[in-house]
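Accompanying notes for the structure given below.
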Amino acid sequence: MSRVDQITGKKAMRGNTRSFAMNHSRRRWELNLQKAKIKVGKSKKTVRVSARTLKTLKRQKKLAK
């Protein structure tokens, strides 16, 4: 299973890490993925979403109990 937000489709960002001597190496910034149960019609579905998406779902009251 890949590390992708199943609702928004967000993926890890890529870039360089830089030292004070301006050395660089490639790195990735991974998402903070969490499991959440959401309401889909009358059923519940478990999805992997980022922490930011989870906060939005809580605010919109779309999480299943």
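Just so you know, these numbers use all the heavy atoms, side chains as well, and skip hydrogens, waters and symmetry mates.
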**Item:** Same apolar cluster: Leu54 and Ile38, side chain cutoff 4.5 Å
**Value:** yes
**Item:** Partner set under side-chain contact (heavy atoms from CB on, under 4.5 Å) for Arg59, not counting sequence neighbours
**Value:** Thr56
**Request:** Quick one: name the residues clustered hydrophobically with Leu33, using the 4.5 Å side-chain heavy-atom rule over I, L, V, M, F, W, Y, and just say none if it's on its own.
**Result:** Leu31
**Side chain Gln6, main chain Arg48, donor-acceptor under 3.5 Å** = yes
**Item:** Under the salt bridge (Lys or Arg N to Asp or Glu O under 4.0 Å) test, residues paired with Arg27 that sit two or more places apart
**Value:** none
**Message:** Measuring from atom CE of Met22 to atom CG of Asn16, what distance do you get when rounded to the nearest 0.5 angstrom?
**Reply:** 9.5 Å
**Message:** Which residues pass the side-chain contact (heavy atoms from CB on, under 4.5 Å) test with Lys62, not counting sequence neighbours?
**Reply:** Leu57, Gln60
**Message:** So, taking the atom named NZ in Lys11 and the one named OG in Ser2, what distance separates them when rounded to the nearest 0.5 Å?
**Reply:** 7.5 Å
**Message:** Suppose we screen for side-chain contact (heavy atoms from CB on, under 4.5 Å). Which residues come up paired with Ala51, at least two apart in sequence or across chains?
**Reply:** Asn32
**Request:** Apply side-chain contact (heavy atoms from CB on, under 4.5 Å) to Ser43 and list each qualifying residue two or more places apart in sequence or on a separate chain.
**Result:** Val40
**Request:** Supply the atom-to-atom distance Glu30 CD to Met13 CE, rounded to the nearest 0.5 angstrom.
**Result:** 11.5 Å
**Prompt:** What do you reckon, is CZ of Arg18 surrounded by more than 12 foreign heavy atoms closer than 6.0 Å?
**Reply:** yes
